[in-house]
Amino acid sequence: MKNNSSAYKVGLFNIGAAGQYVIGAGAALYFALKFGMPWYVCLIAAVVLAALVGGLSGFLKAYFNVNEVISCIMLNWISLYGVNMLLSQVKAESTPYTIDLSSGNKSALMPNAGLDQIFSGNKFVTIGLPLAVIMAVVVWVVLEKTKFGFELKATGMNKNAAKYCGMKEKRNTIVTMMIAGGLSGLGAAVFYLSGIETWMVQQTTVPGMGFNGIAAAFLGGLNPIGTIFSSYFIQHITSGGSYVDKTMYCTQISDLISAFIIYLCGFVFFFKLWLNRYLDKRDEKNAAKQVKGGEK
């Protein structure tokens with residue numbers, strides 16, 4: 001869910017996180033079940049391929065000025081059906097689901113490193129948990145403490161001004177979307193390589209993980225560190241939706257709550273933007289009055 005935060009910080013709206021997540025899941029499972037690769041190879045494959053898909057949207061934006069929202073939405077569905085066809089080669093015979101990693105390739109399961117004992121013996125808790133936290137910190141350091149991160153944010157604020165200052169605005173746009181895509185792929189790989197779930201090759205809807213990432217990014221104040229806590233909160237709501245009393249509520253109640261969060265957070269940012277513009281105009285008027293008063 002850090003992907004939306006990093007992209008938005010650079011002036012891009014990565015609504016293609018869902019499709020990049022699908023690519024990451026497909027790459028991780030295909031490398032694990034078709035080629036029998038260990039978990040770290042599958043993880044790298046997921047990150048690289050998802051980054052390339054994200055970079056494609058960035059390329060279209062940089063060189064052809066194609067709105068990233070449009071290209072991302074289209075790539076979401078291309079990714080879904082492409083991965084469905086690809087993973088049909090590694091599905092179980094009697095079900096529409098891919099082969100379970102515990103029986104198909106145990107080396108592709110991410111190690112627990114003793115974390116399962118901390119979480120009441122939950123075998124699905126792997127090193128992916130601290131890895132996600134580490135990546136959030138890395139993204140924050142890159143964006144806030146490095147020259148490269150400053151260039152990315154400067155490009156997002158005004159790409160023409162960035163170009164005038166000698167920054168490679170096209171490269172920065174593509175790299176930003178590649179980073180966002182890679183993070184989405186990483187999240188998918190961590191999830192599926194834990195063995196907690198298999199992929200259904202007949203599904204016709206894009207997984208909601210990428211869209212939940214938008215809510216987590218806004219709720220976290222578009223800060224990579226903030227998304228660590230907001231992601232936990234959003235996932236708690238999402239998981240809780242499956243445990244509600246079905247006679248009173250539908251399971252989609254969690255999606256409804258997440259949607260409210262997105263709208264309310266969006267309203268807050270819109271209000272802040274409008275308020276800042278109002279205050280800037282007021283300061284300009286006051287400054288102009290002072291200048292006129294001094295001339296008199």
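As the structure is a computational prediction, the values presented were derived from the model and not from experiment.
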Roughly how far, to the nearest 0.5 Å, is the [atom2] atom of [Y] from the [atom1] atom of [X]?
X      : Y      : atom1 : atom2 : answer
Asn105 : Leu193 : CG    : CG    : 9.5 Å
Thr146 : Leu152 : OG1   : CG    : 7.5 Å
Leu80  : Thr205 : CG    : OG1   : 7.5 Å
Phe271 : Asn276 : CZ    : CG    : 10.0 Å
Ser88  : Met85  : OG    : CE    : 8.5 Å
Phe148 : Ile179 : CZ    : CD1   : 4.5 Å

Search all heavy atoms of [X] against all heavy atoms of [Y] and return the closest pair with its distance.
X      : Y      : answer
Leu75  : Ser57  : CD1-OG, 3.2 Å
Val53  : Ser79  : CG1-OG, 4.3 Å
Ser107 : Gly36  : OG-O, 4.2 Å
Pro224 : Leu143 : CG-CD1, 4.4 Å

Donor-acceptor check, side chain of [X] to backbone of [Y], threshold 3.5 angstrom: yes or no?
X      : Y      : answer
Lys170 : Ile174 : no
Asp100 : Thr198 : no
Ser184 : Tyr21  : no

Considering only heavy atoms from C-beta outward, does the side chain of [X] approach that of [Y] to under 4.5 Å?
X      : Y      : value
Gln89  : Lys34  : yes
Ser231 : Ile234 : no
Met135 : Leu186 : yes
Lys153 : Glu144 : yes
Leu279 : Arg282 : yes
Ile134 : Val138 : yes
Val90  : Leu29  : no
Asn84  : Gln203 : yes

Give the cluster check for Val41 versus Leu131: same hydrophobic cluster or not, with ILVMFWY residues linked at side-chain heavy-atom distances below 4.5 Å.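 Yes.
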Hydrophobic clustering (ILVMFWY, side-chain heavy atoms < 4.5 Å, transitive) - are Leu49 and Trp77 grouped together?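 Yes, Trp77 connects to Leu49 through the hydrophobic network.
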Should the ring pair Phe59 and Phe64 be called parallel, tilted or perpendicular, given that the plane angle runs from 0 to 90° and is split at 30 and 60?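 If you compare the ring of Phe59 with that of Phe64, the planes turn out perpendicular.
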Kindly check if the number of other-residue, nucleotide or ligand heavy atoms within 6.0 Å of [atom1] ([X]) is above 12?
X      : atom1 : result
Tyr81  : OH    : yes
Phe233 : CZ    : no
Met74  : CE    : no

Side chain to side chain contact (heavy atoms under 4.5 Å, CB included) for Asn172 and Val175? Distances and angles first, verdict last. CA-CA 5 Å; Asn172 290 342; Val175 170; 5.6 Å; no
List the atom pairs, with distances to 0.1 Å, where a side-chain N or O of residues 108-130 and a protein N or O form a donor-acceptor pair under 3.5 Å, not counting sequence neighbours.
unit_1	atom_1	unit_2	atom_2	d
Asn112	ND2	Lys123	O	2.8
Asn112	ND2	Val125	O	2.8
Asn122	OD1	Phe124	N	3.0
Thr126	OG1	Gly128	N	3.1

Quick one: do Glu151 and Lys168 make a salt bridge, cutoff under 4.0 Å?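 Salt bridge between Glu151 and Lys168, a charged N being under 4.0 Å from a carboxylate O: no.
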Passes side chain to side chain contact (heavy atoms under 4.5 Å, CB included), Val69 versus Ile73? Steps please. CA-CA 6 Å; Val69 174; Ile73 290 175; 3.9 Å; yes
Kindly indicate, with the supporting measurements, whether the criterion side chain to side chain contact (heavy atoms under 4.5 Å, CB included) is fulfilled by Leu101 and Leu33. CA-CA 7 Å; Leu101 290 180; Leu33 298 171; 3.7 Å; yes
Assess whether side chain to side chain contact (heavy atoms under 4.5 Å, CB included) is satisfied between Trp199 and Val22, documenting all intermediate values. CA-CA 10 Å; Trp199 183 272; Val22 167; 3.9 Å; yes
